[in-house]
Amino acid sequence: QVQLVESGGGLVQAGGSLRLSCAASGRTFSSYVMAWFRQAPGKEREFVGGINRSGGSTLYADPVKGRFTISRDNAKNLVYLQMNSLKPEDTAVYYCATRPGTIVVGNRDGYNNWGQGTQVTVSS
């Protein structure tokens, strides 16, 4: 099982950009679907975007389509979330997660390994 460590969060003004990174340990990184989730205070953790094992297929939640981009570098065991045109409603703790298999699923089903999260705060 890989260990996941997120970084890159912070405070940004509305309309700004951030890039989150998720570093994974272990030699099986490329065997997993990777995804980003977020959880705002008082809300359930929600799917943001996911990427298949090769990086050739992605899936996004409707609220972030066209603004966020997920990518991965299997040689470096890294997955990224580029966030542009940020809005105050994007404020949350962002988590990366792994899912065995080949299918990118747009909910928590099957994602069984999580990082500790990184805080993103967007001011208006």
Look at the side chain of [X] and the backbone N and O of [Y], then say whether any donor-acceptor pair between them is shorter than 3.5 Å.
X      : Y      : result
Thr118 : Glu6   : no
Arg67  : Ser85  : yes
Gln13  : Ser123 : no
Asn77  : Gly26  : yes
Thr91  : Val122 : yes
Tyr95  : Gln39  : no
Arg72  : Asn52  : yes

So if you build clusters from Ile, Leu, Val, Met, Phe, Trp, Tyr with side-chain heavy-atom gaps below 4.5 Å, do [X] and [Y] land together?
X      : Y     : value
Val93  : Phe47 : yes
Val105 : Val33 : yes
Tyr60  : Leu86 : yes
Met83  : Phe37 : no

Nearest 0.5 Å, what's the [atom1]-[atom2] distance between [X] and [Y]?
X     : Y     : atom1 : atom2 : value
Met34 : Ser71 : CE    : OG    : 11.5 Å
Thr98 : Phe29 : OG1   : CZ    : 9.5 Å
Leu78 : Cys22 : CG    : SG    : 8.0 Å
Tyr80 : Asp73 : OH    : CG    : 5.5 Å
Tyr32 : Arg53 : OH    : CZ    : 10.5 Å

> So with a 6.0 Å cut-off around CD1 of Ile103, is the heavy-atom count from everything else above 12?
Replying inline: no

>> Take a 6.0 Å sphere around CD of Gln82 and say whether it holds more than 12 heavy atoms from other residues, nucleotides or ligands.
In response: yes

> What are the two closest non-hydrogen atoms of Leu4 and Ala97, and how far apart are they?
Replying inline: CD1-CA, 3.9 Å

> Do you know which two heavy atoms are closest between Ala14 and Pro88, and how far apart they sit?
Replying inline: CB-CD, 4.1 Å

> What's the verdict on side-chain contact (heavy atoms from CB on, under 4.5 Å) for Ile70 and Val79, showing C-alpha distance, side-chain angles and the deciding distance?
Replying inline: CA-CA 7 Å; Ile70 188 171; Val79 62; 4.0 Å; yes

>> Is it the case that the side chains of Tyr94 and Arg38 hold a donor-acceptor pair, with the cut-off being a distance below 3.5 Å and no angle test?
In response: yes

>> Could you check whether any side-chain heavy atom of Val104 comes within less than 4.5 Å of a side-chain heavy atom of Thr58, counting everything from C-beta outward?
In response: no

> Stepwise, does the side-chain contact (heavy atoms from CB on, under 4.5 Å) test hold for Tyr111 with Arg45?
Replying inline: CA-CA 12 Å; Tyr111 292 95; Arg45 194 169 299 188; over 6 Å; no

>> Check for me whether the distance between the ring centres of Trp36 and Phe68 falls short of 6.0 Å.
In response: no

> Less than 4.0 Å between a side-chain N and a carboxylate O, is that true for Asp90 and Lys87?
Replying inline: no

>> List the residues meeting salt bridge (Lys or Arg N to Asp or Glu O under 4.0 Å) with Asp109, not counting sequence neighbours, and say none if there are none.
In response: none

